[in-house]
Amino acid sequence: MLYVLKFGGSSVADAEKIRRVAGIVTEVYCEGHDVVAVVSAQGDTTDELIAKAEEINPRPSKRELDVLLSTGEQIAAALTAMALEKIGLPVVSLTGRQIGINTNSAYGAAEIKSISEERIKNELDRRRIVIIAGFQGVNKFDDITTLGRGGSDTTAVAVAAALHADKCLIYTDVEGIYTADPRKVQGARKLEEITYDEMLELASLGAQVLHNRSVEMAKRYGICIEVRSTCTGAPGTIVKEVVKPVEEMKISGIAKDGDVARIAVLGVPDEPGMAFKLFRALAKAKINVDIILQSYGKDGTNDISFTVAESDVKDAEEVMENCRELIGFDHLSVNTDVAKVSIVGAGMIRSSGIAAMMFEALYDAKINIHMISTSEIKISVLIDEERADTAVSAIHGKFFGN
Ligand code: ASP
Ligand code: MG
C-alpha cells in the first residue's frame with residue numbers, strides 16, 4: 001500500500017521529535033509499504049521567519065516572503081531525511097518545486113493546480129522513502145509560492161490525491177477531532193469519524209486542526225484523511241464522505257467563534273429592494289455577511305441585522321453610513337461583544353428536537369439568544385461573548401453529558 005503521512009510543526013519541533021517521526025516512518029516502511037511523508041516547518045519557525053523579515057523590511061514583497069517562508073519546510077524535510085539515513089534506510093527529501101507542485105500566482109495563499117507525480121513515483125519504485133517539504137509550490141514564472149498558514153495539510157492531501165494513495169494520515173499534537181475544544185470543555189470526546197462537511201463547518205467555526213482547503217480537496221477527490229497523535233499513535237479521527245451513525249450521538253461537535261460582530265440597521269422602510277441595496281453595498285466592499293435577520297421594527301418599518309467578521313466591522317459601518325440616504329433608515333447599532341456558538345451534525349436533518357435541546361441548554365444556563373440561523377448540518381446562535389464558554393459547556397453537557 002501507499003501511505004502519505006503528514007507531520008505538523010510540533011511533531012518535528014526538535015531532534016528528539018524528528019527521531020520519533022523517523023520511527024513512525026520506519027515502522028510503516030518496514031511493513032512493506034511505500035511511504036511519502038510531508039513535513040511542516042519545525043515548531044514556530046514560520047512565525048520566526050516572518051519576524052526576521054519584518055526586522056529588515058516591515059512590508060516585504062509577498063514574493064520574497066514566500067522564498068523565505070518556504071525554507072522552514074525545507075529544513076524540516078532535510079533533517080527528517082537525515083534521521084532516516086542514520087537508521088540506514090533509503091530516503092530522499094524533495095521540495096515542492098522538485099515534485100512539480102504547480103500553483104497559481106497568489107503568493108502567500110497559492111492554490112495548487114497540478115502535481116507531476118513522476119519524480120515521486122520514480123523514487124518510490126526504487127524503494128526510497130520520500131520526504132516532502134510541505135506548504136510550497138511554484139508558479140508559472142518559476143517562482144516559489146506558499147499555500148497559506150497551515151498549508152502543509154493541503155500538500156499532503158494533494159500528494160495523496162495525485163498518487164492515489166491508500167492512506168493519508170495527518171499526525172499532529174492532538175489525538176483527533178473532538179466534540180468541543182478539549183482544553184476548555186470537560187468531557188469533550190474524540191470522534192471516531194466525521195464527514196467532510198461537518199469538518200469544514202467545525203474548522204471555519206474555530207477548531208483549527210486541519211487546513212480548510214485540505215478538507216475541501218479531500219472531499220473533491222474522495223481522500224479519506226485520518227488525524228492522529230504523533231505521541232500515542234492511537235487511532236484518531238477519520239474524515240470522510242459518509243460516516244456510520246452513532247446511536248447516542250445526535251450531533252458531532254460544538255464550536256465557538258468569537259470573531260463576530262452584529263450590525264443592526266433599524267427603521268428600514270418596508271418597501272421592495274431595501275435588503276438588496278444594503279447587501280449589494282456590502283458585497284461591493286467585499287464584506288462577507290453571515291447570519292441575517294429581518295424583523296418588524298417601529299411604525300411599520302423593518303429592522304435588518306447581520307453579522308460580519310470583527311475585522312470587517314469598521315468597514316461595514318462605513319458602508320452602512322454611506323447608504324443611509326439611499327435607504328432612509330433610522331439608525332445603526334453595532335455590537336462587537338458577541339460570539340457565535342454552533343452545533344454541527346450531518347445527522348440532525350433526520351432527528352427532531354435538536355434545536356430545542358440546544359435552546360434548553362442555553363435557557364438552563366440563563367443565556368439570552370440574539371440571533372439564530374440554521375442549515376442542513378448546523379444550528380448557530382449569536383450570544384454575548386462573555387457567556388460563550390459557558391454556553392459551549394452547557395450545550396456539550398446536554399448532548400454528551402459531562
Ligand atoms: N509552516 C506553515 C505554517 O506555520 C505551514 C504549516 O505548518 O502547515 O503555517
Ligand atoms: Mg496545522
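Side chains are part of it too, since the values below use all heavy atoms of this structure and drop only hydrogens, waters and symmetry mates. Counting starts at 1 for both ligands and their atoms, following the listed order.
Judged as a ring-ring contact (aromatic ring centres under 6.0 Å, His included), and not counting sequence neighbours, Phe359 has no contacts. Under the rule for a side-chain hydrogen bond (donor to acceptor under 3.5 Å, both in side chains), Asp44 has no partner lying at least two apart in sequence or in another chain.
With a 4.5 Å cut-off on side-chain heavy atoms, Asp66 and Leu68 do not count as touching.
Taking only nitrogen or oxygen atoms, main chain and side chain alike, Gly148 does not reach within less than 3.5 Å of ligand 1. Residue-to-ligand polar distances place Ser40 within reach of ligand 1: an N/O pair is separated by less than 3.5 Å. Residue Thr46 has at least one N or O atom closer than 3.5 Å to an N or O atom of ligand 1.
Nearest to atom 3 (C) of ligand 1 by heavy-atom distance, out of Arg149, Lys6, Gln136, is Arg149.
Judged purely by distance below 3.5 Å, without hydrogens or angles, the side chains of Asn335 and His370 never pair a donor atom with an acceptor atom. For the residue pair Asp143 and Tyr107, a side-chain donor N or O sits within less than 3.5 Å of a side-chain acceptor on the partner.
Residue contact annotation: Gly72 has no non-hydrogen atom under 4.0 Å from ligand 1. Residue Gly134 places every heavy atom at 4.0 Å or more from ligand 1.
With ring centers used as reference points, Tyr3 lies 6.0 Å or more from Tyr29.
Against a heavy-atom cut-off of under 4.0 Å, Glu73 is close to the following atoms of ligand 1: 1 (N), 2 (C), 5 (C), 6 (C).
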